[in-house]
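First the structure, in the form of structure tokens, and then the observations on it.
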Amino acid sequence: MVIKAKSLQDAEELLYSGVSKVELAYNIGSDDFFRLASRWCDRGARITRGHNHFIVSVKGFAIPPND
């Protein structure tokens, strides 16, 4: 299931919460795109072009415990 994000902050909150597919349903600027890509692709995410927007997909992202 793909969840739509309306801003960079929404997208990052969804990804950090464990959502595996987030559609960037807004006009993302180049600076924000590369910031998001560098942060999440280092963690194994893929960014693909959907019909209208980019989609960030994360597989096997585990949230570390708060010890």
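Note: Ile47 CD1 to Phe33 CZ = 4.5 Å, rounded to the nearest 0.5 Å. Rounded to the nearest 0.5 Å, atoms CZ (Arg46) and OG (Ser57) are 6.5 Å apart.
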* Asked: What do the steps show when you test Val58 against Arg43 for side-chain contact (heavy atoms from CB on, under 4.5 Å), and what is the final call?
  -> CA-CA 8 Å; Val58 181; Arg43 297 177 180 175; over 6 Å; no
Run the side-chain contact (heavy atoms from CB on, under 4.5 Å) check on Thr48 and Phe54 step by step: do they pass?
CA-CA 6 Å; Thr48 56; Phe54 290 103; over 6 Å; no
Walk me through it: do Glu13 and Leu15 pass the test side-chain contact (heavy atoms from CB on, under 4.5 Å)? CA-CA 6 Å; Glu13 286 175 5; Leu15 291 166; over 6 Å; no
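Taking the salt bridge (Lys or Arg N to Asp or Glu O under 4.0 Å) definition, one finds that Asp10 meets it with nothing, sequence neighbours left out. Taking Phe34 as the reference, nothing meets the ring-ring contact (aromatic ring centres under 6.0 Å, His included) condition, with sequence neighbours excluded.
Minimum heavy-atom separation, Ala5 to Leu14: CB-CD1, 4.1 Å. Closest approach of Ile55 and Gly50 over heavy atoms only: CD1-CA, 4.2 Å. The minimum heavy-atom distance linking Val22 with Val2 is given by the pair C-CG1, 4.4 Å.
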Side-chain atoms of residues 23-32: list all donor-acceptor pairs with protein atoms under 3.5 Å, sequence neighbours left out, distances to 0.1 Å.
from	atom 1	to	atom 2	distance (Å)
Glu23	OE2	His53	ND1	3.0
Tyr26	OH	Leu8	N	3.1
Asp32	OD1	Arg35	NH1	2.6

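For the pair Glu12/Leu36, a side-chain contact is recorded, criterion being any heavy-atom separation below 4.5 Å from C-beta on.
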